[in-house]
Amino acid sequence: MGVPSDDAVLIQKPKKPGEPHVVTVNCPDKTGLGCDICRTILDFGLYITRGDVSTDGIWCYIVLWVLPHTSSLIVKWSNLKDRLMSVCPSRSLQFYFNQQPAHSPSSPVYLLKFLSHGRKGLLHDVTQVLCELELAIQKVKVTTTPDGRVLDLFFITDNMDLLHTKERQDQTYEQLHAVLGESCISCELQLAGPEYGGRQAIPTLSPAVAEELFRCELLKNEIRSQALSPDLTKLKKTNITVDNSLSPAHTLLQIHSVDHKGLLYDIMRTLKDCNIQIAYGRFSPNVNGHRDLDLFIQQKDGKKIVDPEKQSALISRLKLEMLHPLRVIISSRGPDTDLLVANPVELSGKGRPRVFYDVTLALKMLGICIFSAEIGRHFASDREWEVYRFLLEASCEFQFTNAVAKNQIVDKVRRTLMGW
């Protein structure tokens, strides 16, 4: 297969500051293309203000209006274009005869190891550098030594596939040293060896914690940590309807939901995992904190969804993924206090972008030190989850025996993850 033409992705700058960039994707279609595009945009810290998608099953045309989530975010638009082009199918004629894209070899995994003096916000500062460099965190192990020093092991891949070059490695060292400053004792970067071991299961989740973290639906009278803020009540008002009367060939899916960071990604990844194809879609701007989405869809066999049981199953699945895309709880493990964050993994094996970044940012803003951190996978409710575990250090402001303090931490982390 060839590569997508350079004009497969166009990014138009706004005429006035503060207005959105317009991202246009014009390429051959594939099931799940919308999900892959939305995931990439979320990975760059961008917010989709509105969007349109149209396809005839062979060719796809997508237009998205995007803004940075924060005004301080520096977006490398040329890199975004390259990443978006990498998820677009080829225009070559071979595509039409074989719609199974060629699988490029997976990017090599590197071990970034550094030892530094501990301080508040250190882990987030390093994570921010990695995000800015487009280095994806595959696995992390952070520990604090008895003398107060921090040993961080980041297993990373390079979205630009340049980490084998001296120039790219020097750039990484330079930016890390600029952030760590005098607190950095040593910093090493090398190809990961057997110690990587792939994405390992998160250890020692008790049955009670696992049940709370991965339950399919939170109860209305839920009193545990996932229901401590009123935001959950707002999310429960999501409305989804199915209409087969407006199109002879497509089912109309209408979604009205409270807005949150990655909402369009959550919808698209669910449809991708359910093998649902989108013929036309419109994502409306935020109005009073809510978004509307109209999608004309088909099953993979090209037929409408007329079976009431299939309709109900799709609506239930969408609501679950939109209501609870991220799970946040605090649990006690003996004298230790764990913050646990979980998100479902796509069937393709990809986890949600920027979760580690957002959680460490929330904890930094709260002034909470992280004693240790790890990322792993867990199977529950017939699916795979990505789990982030943070062992928190108590402080004068946050004594974890205080329920109010625990509630404040969970609420802040959830709000940061959801973009509220």
Side-chain angles (χ1 to χ4, degrees), residues 109-133 135-158 163 169-193 195-197 199-200 202-204 328 330-341 354-376 386-400 405 409 412-413 416-417:
V109 178
Y110 287 81
L111 169 60
L112 172 65
K113 177 170 62 176
F114 65 87
L115 182 67
S116 65
H117 297 290
R119 61 171 172 81
K120 291 181 180 179
L122 174 66
L123 188 55
H124 175 72
D125 293 342
V126 173
T127 303
Q128 182 172 356
V129 171
L130 298 181
C131 286
E132 291 173 351
L133 289 169
L135 298 173
I137 301 171
Q138 304 300 327
K139 183 180 172 184
V140 64
K141 183 67 176 178
V142 178
T143 55
T144 302
T145 63
D147 59 0
R149 294 186 296 178
V150 178
L151 176 63
D152 289 5
L153 303 178
F154 283 89
F155 294 89
I156 57 177
T157 55
D158 186 3
L163 204 51
Q169 292 179 9
D170 288 344
Q171 180 189 26
T172 303
Y173 284 130
E174 180 181 343
Q175 293 201 27
L176 283 171
H177 279 294
V179 168
L180 295 173
E182 296 181 355
S183 65
C184 182
I185 300 172
S186 65
C187 183
E188 301 175 19
L189 180 64
Q190 62 192 49
L191 275 171
E195 70 273 17
Y196 172 55
R199 296 182 183 271
Q200 297 180 345
I202 201 81
T204 60
V328 184
I330 279 186
S331 71
S332 296
R333 191 165 37 131
D336 298 328
T337 299
D338 279 340
L339 173 69
L340 293 165
V341 179
R354 296 179 78 88
V355 174
F356 197 79
Y357 176 94
D358 284 339
V359 176
T360 54
L361 173 60
L363 295 176
K364 178 182 178 180
M365 289 189 291
L366 289 170
I368 297 175
C369 286
I370 300 168
F371 186 80
S372 68
E374 57 185 328
I375 305 173
E386 196 160 51
V387 182
Y388 301 77
R389 168 180 268 162
F390 301 86
L391 179 59
L392 308 180
E393 287 188 11
S395 65
C396 296
E397 295 85 358
F398 291 95
Q399 294 295 323
F400 300 128
I409 294 168
K412 180 63 175 180
V413 171
T416 305
L417 288 165

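The residues of the chain are indexed from 1 along the displayed sequence.
The two residues I137 and I156 make their nearest non-hydrogen contact at CA-CG2, 4.2 Å. Residues I375 and K139 share a closest heavy-atom pair of O-CG, 4.3 Å. A pairwise comparison of heavy atoms in T143 and S372 identifies CA-CB, 4.3 Å as the closest pair. The two residues C184 and S116 make their nearest non-hydrogen contact at CA-CB, 4.0 Å. In terms of heavy-atom proximity, T416 sits nearest to A362 at OG1-CB, 3.5 Å. In plain terms, the two heavy atoms of G121 and K364 that are nearest each other are CA-CG, 3.6 Å.
In this view, D152 satisfies the side-chain hydrogen bond (donor to acceptor under 3.5 Å, both in side chains) rule with no residue, not counting sequence neighbours. Qualifying side-chain hydrogen bond (donor to acceptor under 3.5 Å, both in side chains) partners for T157, counting only residues two or more places apart in sequence or in other chains: Q138. Considering only residues two or more places apart in sequence or on other chains, Q175 meets the side-chain hydrogen bond (donor to acceptor under 3.5 Å, both in side chains) condition with none of them.
Side chain of H124 to main chain of Y357: a donor-acceptor pair is present (N/O by atom type, distance under 3.5 Å, no hydrogens or angles). Without hydrogens or angle criteria, D158 side chain to L163 main chain gives a donor-acceptor distance under 3.5 Å. Proximity of a side-chain donor or acceptor of D147 to a complementary backbone N or O of R149 within less than 3.5 Å is detected.
L339 CG to I409 CD1: the interatomic distance, rounded to the nearest 0.5 Å, is 7.5 Å. The distance from the CZ atom of F356 to the CD atom of E374 is 10.5 Å, given to the nearest 0.5 Å. Distance CD/Q169 to CD/Q190: 10.5 Å, rounded to 0.5 Å. Here the CG-CD1 distance, from L391 to I370, works out to 10.0 Å after rounding to the nearest 0.5 Å. Within the model, atoms CG of L111 and CG of L189 stand 8.0 Å from one another, a figure rounded to the nearest 0.5 Å. The CG atom of L115 lies 8.0 Å from the NE2 atom of H117; values are rounded to the nearest 0.5 Å.
When each of I368, L366, L363, L361 is paired with K412, the side-chain contact (heavy atoms from CB on, under 4.5 Å) condition holds for L366 and for no other.
Contact annotation: the side chain of F154 approaches that of L130 to within less than 4.5 Å [non-hydrogen atoms, C-beta and beyond]. Counting only heavy atoms from C-beta outward, the side chains of L135 and L112 never approach each other to under 4.5 Å. Side-chain contact check for D358 versus V341: every heavy-atom pair is 4.5 Å or farther apart. Side-chain contact between V140 and T127 is absent, with no heavy-atom pair separated by less than 4.5 Å. At a threshold of 4.5 Å between non-hydrogen side-chain atoms, the residues L122 and V179 do not count as touching.
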Intermediate values then yes/no, side chain to side chain contact (heavy atoms under 4.5 Å, CB included), Y388 and V355: CA-CA 8 Å; Y388 301 77; V355 174; 3.5 Å; yes
Does the side chain to side chain contact (heavy atoms under 4.5 Å, CB included) test come out yes or no for L151 and K113, once each step is laid out? CA-CA 7 Å; L151 176 63; K113 177 170 62 176; 4.0 Å; yes
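For F114 and Y173, the ring centers sit 6.0 Å or farther from each other.
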